[in-house]
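Both backbone and side-chain heavy atoms feed into the values below; hydrogens, waters and symmetry mates do not.
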Amino acid sequence: MTDLDEVYRRSSAGGSAIIRSHQKRVRDALGRLMQSNPPFIPRQPESRPVTAHLPRALDLAANGPLASMGRTLSRVAPELAWEYGYDRMPGALASRYAFAELAGPRGPVASDEVILGLVLFSPGAVYPQHAHEGIEESYVSLAGAWSENDAAVYAPGSLILNRPGQHHRITVGDKAPCLLAYAWIGGADRLSAPGMRFGKPPRKA
């Protein structure tokens with residue numbers, strides 16, 4: 001939590017008032033979380049096929065611009081529960097993606113106003129088009145090169161914001177795994193049941 005607070009406190013907003021506002025909301029939620037002495041909900045550690053790439057991703061993160069967070073994650077990695085989050089998981093994606101929640105309604109650090117976690121992708125992964133209704137999401141890039149909506153290539157240290165309902169698709173470079181930290185801000189009802197699903201944006205009339 002301390003490392004994430006530091007990232008959202010010190011990372012640049014790139015001159016964007018919208019991103020700056022999001023950073024403050026994440027910092028404020030993190031501050032309240034850390035001051036509240038939240039309950040710890042033990043999770044059974046669980047792996048997925050993609051976690052075979054985790055040691056390499058953590059090594060890259062520990063030698064990148066967010067090295068402190070990379071080293072911290074290396075220490076807690078054996079305790080993480082990696083999962084998919086979708087009722088219907090595309091077979092091709094099941095070996096290339098998983099996420100691990102660090103804080104949120106299901107723990108392990110209990111929170112009803114923010115979800116914090118990690119997303120791991122294998123080299124060459126494609127994460128299909130999707131959106132999060134009622135949830136504002138940001139990614140912080142820890143390791144690997146990736147692109148969102150084919151608009152730019154993001155390197156470690158980058159912060160990317162997706163507004164509620166904004167459709168996005170992620171592609172990962174083929175030379176290294178990609179590890180992202182994420183923050184979700186939204187109402188308690190949406191965070192407790194985000195209803196993650198894949199789908200393209202509706203066609204304009």
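- Using a 4.5 Å heavy-atom threshold, the side chains of Leu142 and Leu118 count as touching.
- Closest non-hydrogen pair, Val172 versus Cys178, comes out as CG1-CB, 3.7 Å.
- Tyr127 is not listed as a side-chain neighbour of Val119, based on a closest heavy-atom distance of 4.5 Å or more.
- Between Trp184 and His132, the angle of the ring planes lies from 30° to 60°, which puts this pair in the tilted group.
- Pairing each heavy atom of Ala143 with each of Ala57, the nearest pair is CB-O, 3.4 Å.
- Listed by first then second residue, pairs satisfying salt bridge (Lys or Arg N to Asp or Glu O under 4.0 Å) with a partner in residues 168-179 read Asp150-Arg169, not counting sequence neighbours.
- Atoms CG and CD1, from Leu102 and Ile115 in turn, are 11.0 Å apart once rounded to the nearest 0.5 Å.
- At a threshold of 4.5 Å between non-hydrogen side-chain atoms, the residues Val7 and Leu66 count as touching.
- Taking 4.5 Å as the limit, every side-chain heavy atom of Val50 sits out of range of all side-chain heavy atoms of Trp82.
- Each side chain to side chain donor-acceptor pair (under 3.5 Å) pair with one or both residues in residues 98-115, not counting sequence neighbours, appears once here: Arg32-Glu113, Glu83-Arg106.
- Donor-acceptor pairing under 3.5 Å is recorded for the side chains of His130 and His168.
- Sorted by first and then second residue, the pairs that involve residues 50-71 and meet side chain to side chain donor-acceptor pair (under 3.5 Å), not counting sequence neighbours, are Asp3-Ser68.
- Using the six-membered ring where Trp is involved, Trp146 and Tyr154 have ring planes that are tilted, between 30° and 60° apart.
- When the shell of 6.0 Å around CG of Asn37 is examined, it contains 12 or fewer heavy atoms from other residues, nucleotides or ligands.
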